[in-house]
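Read the numbers this way: they start at 1 and go in the same order the structure lists the ligands and their atoms. Both backbone and side-chain heavy atoms feed into the values below; hydrogens, waters and symmetry mates do not.
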Amino acid sequence: MNIRLFKPSFGNEELSMVQQAFERSWVGLGPMVNRFEEEWAKFVGAKLAIGLNSATAALHLALAVFNFPKGKKVLVPALTFSATASAVLYNGLVPVFVDSDPVTLGMDLEDMKRKYDQDVVAVIPVHYTGHPVPMDQLMEWAKEKNVKVIEDCAHTSGAAYKGKSLGTWGDIGCYSFEEKKLMTTGDGGMMVTNQPELFKDVKAMRWVGIDKDNWKTAQEYTSVNKDAYHWYYELKVLGYKYNMNDLAASIGLAQLKRLPEMNRKRSEIIKKYLVGLENLKTIKPLLPFEPDKYVYQMFGVRVEKKEELIIYLKSKGIATGCHYTPLTMQPLFKPFSGKCPVAEKEYFKMITLPLHADLTEDEINYIIYHLKIFDAQSI
Ligand SMILES: *Cc1c(COP(=O)(O)O)cnc(C)c1O
């Protein structure tokens with residue numbers, strides 16, 4: 001056995017879409033990006049979606065649109081991927097780290113309120129593993145304090161919390177299509193909003209400052225068009241090279257069609273894990289997973305003998321991970337440390353286990369079998 005931790009799931013649809021892009025001979029920013037944006041907006045129930053080359057870029061621009069004065073503070077959970085907090089630094093802002101809820105490991109709203117001060121301008125809740133931050137409570141508080149909310153939805157795509165799609169509760173939602181995520185475009189990301197005026201400069205910001213549809217220009221390049229200035233553009237904002245391209249969008253359109261089915265398969269796998277772990281004494285689910293309600297990019301456990309279990313599973317060909325070393329423990333972010341004792345303590349128990357849509361019944365049973373053996377030997 002050699003079981004991967006994460007693995008993209010591809011079918012013939014993706015290949016066929018890429019082939020069509022080749023036949024069109026248009027693989028940069030183009031019509032497929034537009035189409036993918038429209039379909040993504042519809043899928044999550046947002047008014048506007050803009051495609052990028054990563055969620056990291058999406059988070060960078062999501063903060064940039066507000067033009068906050070340099071040095072203002074942004075609340076971010078300690079237990080997240082680097083990008084959530086790096087986006088704060090890219091914008092010349094200061095991250096303030098928020099501890100984890102001991103049960104869900106998601107951002108602890110009480111700790112968030114404690115760490116708030118007059119300099120806080122935004123908060124970036126992360127739906128950690130896919131388990132939702134209580135957005136109703138968070139939004140009520142954020143409105144009262146006039147704090148902007150950017151949802152990091154890198155671990156969830158297509159789930160709702162209290163009837164409203166995750167990523168549409170806050171001012172802006174950011175999704176990732178990196179290869180380990182729920183669906184992939186190789187690398188890619190999307191940002192959405194229900195306040196389109198917020199995104200008025202984003203198309204220029206993601207495309208080196210140019211707010212123009214290149215594909216449309218190319219279509220209009222015909223003999224009947226007497227416009228000598230079809231090539232002209234104006235630079236009004238500082239742009240980055242953050243655009244999604246048509247190859248990625250083509251893969252994304254095919255993946256999006258299969259996403260509900262891939263999400264359903266993940267939920268089935270999590271249910272099997274939960275049944276398998278039911279009577280174990282030393283290995284517990286990482287958090288109270290609700291696979292019937294939410295969509296999870298990751299599954300994991302908490303175990304005192306973390307290192308022993310990692311080595312044991314390794315010897316059986318089962319990949320493991322740890323998501324994440326709290327950012328407050330990382331040299332880069334130490335200077336900004338808020339105190340996050342829960343995340344820093346639970347970190348020593350956390351193991352991520354294999355989860356992807358194509359994990360087979362045999363593989364799942366094999367992993368559970370070895371978790372049971374390890375548990376029995378640990379007592
Ligand atoms: C993966 C991830 C990101 C970054 O996504 P990319 O598309 O790789 O830039 C941001 N936040 C979280 C929580 C992630 O897991």
Transitive ILVMFWY side-chain link M112 to V120, under 4.5 Å: yes
So, E268 and K265, do they make that salt bridge, N to O below 4.0 Å? no
Atom 10 (C) of ligand 1: nearest protein contact (heavy atom, Å): D152 OD2, 3.6 Å
Atoms of ligand 1, numbered as shown, that sit under 4.0 Å from any heavy atom of T80: 13 (C)
At a 4.0 Å cut-off, with the gap strictly under it, does some heavy atom of C174 reach an atom of ligand 1? no
If we number the atoms of ligand 1 from 1 as shown, the ones under 4.0 Å from a heavy atom of E178 are 7 (O), 8 (O)
Taking I150's backbone N and O only, do any of them form a donor-acceptor pair with D171's side chain (distance below 3.5 Å, no angle check)? no
Flag the pair Y366 / H370 as yes when their ring centroid distance falls below 6.0 Å, and as no otherwise. yes
Assess K181 for proximity to ligand 1: is some non-hydrogen atom of it under 4.0 Å away? yes
Contact atoms of ligand 1, heavy-atom distance to G188 under 4.0 Å: 7 (O)
Nearest protein heavy atom to atom 3 (C) of ligand 1, by residue and atom, and its distance? F81 CD2, 3.5 Å
Would you mind listing which atoms of ligand 1 come within a distance below 4.0 Å of any non-hydrogen atom of T84? 11 (N)
I'd like to know if R35 and E38 make a salt bridge, using a cut-off of under 4.0 Å between side-chain N and carboxylate O. no
For the residue pair E344 / T328, report whether a side-chain donor-acceptor contact shorter than 3.5 Å exists. yes
Just to be sure I read this right, does ligand 1 sit under 4.0 Å from the backbone of H155, its side chain, both, or neither, counting only heavy atoms? side chain
Test of ring centre spacing under 6.0 Å for Y240 and Y90: no
Quick one: does ligand 1 sit under 4.0 Å from the side chain of A83, the backbone, both or neither, non-hydrogen atoms only? side chain
Step by step, work out the side-chain contact (heavy atoms from CB on, under 4.5 Å) result for L274 and F299. CA-CA 10 Å; L274 293 176; F299 181 81; 3.9 Å; yes
Please confirm whether Y324 comes under 4.0 Å of ligand 1, counting heavy atoms of the residue only. yes
Taking side chain as C-beta onward, heavy atoms only, is H131 less than 4.5 Å from Y294? yes
Nearest-neighbour protein heavy atom for atom 12 (C) of ligand 1, which is reported as residue plus atom name and distance: A154 CB, 3.3 Å
N/O separation below 3.5 Å, T56 to ligand 1: yes
